[in-house]
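All values reported here derive from a predicted model rather than from experimental measurement. Excluded from the calculations below are hydrogen atoms, water molecules and symmetry mates; all remaining heavy atoms, backbone and side chain alike, are included. Throughout, residue positions are numbered sequentially from 1 according to the sequence presented.
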Amino acid sequence: MSTPPPAASVWRRHWQAALFLLPMLVVLALFCLAPLWWVAVHSLYGEDGWVGLDHYREILSSAFYLQAFSNSLSISLWSSILGLLLSLVAAASLRRVPGRFRDLVVAFVNMTSNLTGVPLAFAFIIIVGANGALTLLLRQAGLLQDFYLYSSSGLILLYTYFQIPLGVLLLYPAFDALDDDWQDAAALLGARLWQYWLRVALPVLTPAILGTFILLFANAMGAYTSAYALTTGNYNLVTIRIGSLVAGNVFLDPNMAAALSVLLVLLMVLVTAVNQWLLKRSYHAR
């Protein structure tokens, strides 16, 4: 019977393995924790020194800043829901296509996920802008009347487009948890296809769906370049307000921008906490 290794040897081996995490921890501290700390501290300062929570009081009492949060939440929510639904359909369909074609589609999704920012906004302007090629064709056919790209509807369309590739890449591996025999067994027991998806497939996929939704929501809340390039900064979003306060031509107030950033981070922490609570309930329910 072999004797277990001494505790000192186990402790030394664990610490040697932990040393490999040191580079990642240094990068995390320099590029995530340190900037976050800087933003949190400077949100309490003004041009004349310490102002405490004055920036936060101004934000929460300003209809302009509250509108920015409302617009960002609305566009992020709708684009995340639409992107999630379309991604679910696409990921489910990918499991049913031949391997070579599936690999081609996954490669295409990977490529389109990198089309963001200014190139994406410019592509949408050319295709569905006020005088875009598709816009003119649909108007001539009488199928499009009131759509305006440079509005909340246009931003939702733009955001949904770049949400879909990310959603497909996140959800596609989750469908490996589904066994085709489950659908056959459900059919033998008299269940219809919608009953199988509602009572078997979706409960299994719930953790992945909720996690993907949170990532899509965070991706939309933090988007800046695409919205700015499309609207030239004229639409009131939180990220555009932060950018204008840091690099605007008229009003520069980095400390106010820091306060907006802190509130944005706290909002995302709240959404993540709710997601974790829902995940626990979904696991408990099963």
Side-chain angles (χ1 to χ4, degrees), residues 21 24-44 53 55-56 59-60 65-88 91 113 116 155-156 158-175 177 202-227 236-243 256-286:
L21 295 175
M24 183 193 71
L25 294 176
V26 171
V27 172
L28 178 65
L30 290 176
F31 296 99
C32 184
L33 298 181
L36 184 59
W37 173 256
W38 186 95
V39 167
V41 170
H42 281 75
S43 68
L44 304 175
L53 300 177
H55 290 316
Y56 296 99
I59 292 172
L60 296 178
Y65 287 128
L66 291 178
Q67 183 193 49
F69 277 99
S70 176
N71 290 340
S72 294
L73 285 170
S74 175
I75 292 174
S76 299
L77 181 63
W78 282 110
S79 65
S80 299
I81 292 174
L82 293 174
L84 182 64
L85 293 176
L86 295 173
S87 300
L88 270 173
S113 65
T116 57
L155 285 172
I156 290 174
L158 178 72
Y159 278 43
T160 302
Y161 177 86
F162 68 69
Q163 297 277 48
I164 294 174
L166 178 60
V168 172
L169 293 176
L170 292 172
L171 288 173
Y172 175 66
F175 277 84
L202 287 180
V204 173
L205 295 173
T206 294
I209 292 174
L210 290 176
T212 300
F213 174 78
I214 293 302
L215 290 176
L216 294 181
F217 186 81
N219 186 42
M221 284 293 294
Y224 169 73
T225 310
S226 299
N236 195 15
L237 297 174
V238 176
T239 51
I240 291 179
R241 294 282 67 78
I242 294 173
M256 178 63 77
L260 284 170
S261 302
V262 170
L263 290 177
L264 183 59
V265 170
L266 292 177
L267 179 62
M268 293 310 306
V269 169
L270 176 62
V271 172
T272 304
V274 172
N275 172 66
Q276 292 300 317
W277 179 74
L278 292 174
L279 283 178
K280 290 180 180 179
R281 287 183 61 87
S282 67
Y283 281 120
H284 179 71
R286 289 187 291 158

From [atom1] ([X]) to [atom2] ([Y]), nearest 0.5 Å:
| X | Y | atom1 | atom2 | answer |
| --- | --- | --- | --- | --- |
| L237 | S76 | CG | OG | 8.0 Å |
| L84 | T160 | CG | OG1 | 11.0 Å |
| L86 | I164 | CG | CD1 | 4.5 Å |
| I75 | W78 | CD1 | CH2 | 12.5 Å |
| M256 | Y56 | CE | OH | 10.0 Å |
| L60 | H55 | CG | NE2 | 13.0 Å |

Can you tell me if [X] uses its side chain to pair, donor with acceptor, with the backbone of [Y] under 3.5 Å?
| X | Y | answer |
| --- | --- | --- |
| T239 | A223 | yes |
| T212 | L171 | no |
| T272 | M268 | yes |

Got F213 and I81 here, is their nearest side-chain heavy-atom distance under 4.5 Å?
yes
Shortest non-hydrogen separation from L205 to A174 and the atoms involved
CD2-O, 3.5 Å
For the student: nearest non-hydrogen atoms of L216 and G167, plus distance:
CD2-N, 3.9 Å
Stepwise side-chain contact (heavy atoms from CB on, under 4.5 Å) test for Q163 and L82
CA-CA 9 Å; Q163 297 277 48; L82 293 174; over 6 Å; no
Report the C-alpha distance between L202 and I209 in whole Å, list the side-chain angles of each, state the deciding distance to 0.1 Å, and finish with yes or no for side-chain contact (heavy atoms from CB on, under 4.5 Å).
CA-CA 9 Å; L202 287 180; I209 292 174; 4.0 Å; yes
Applying side-chain contact (heavy atoms from CB on, under 4.5 Å) to F69 and I59, what does each step give before you reach the verdict?
CA-CA 10 Å; F69 277 99; I59 292 172; 4.1 Å; yes
Would you call the rings of Y159 and F162 parallel, tilted or perpendicular, where under 30° means parallel and over 60° means perpendicular?
tilted
Audit row: L267, L73, side-chain contact (heavy atoms from CB on, under 4.5 Å) steps and yes/no
CA-CA 10 Å; L267 179 62; L73 285 170; 3.5 Å; yes
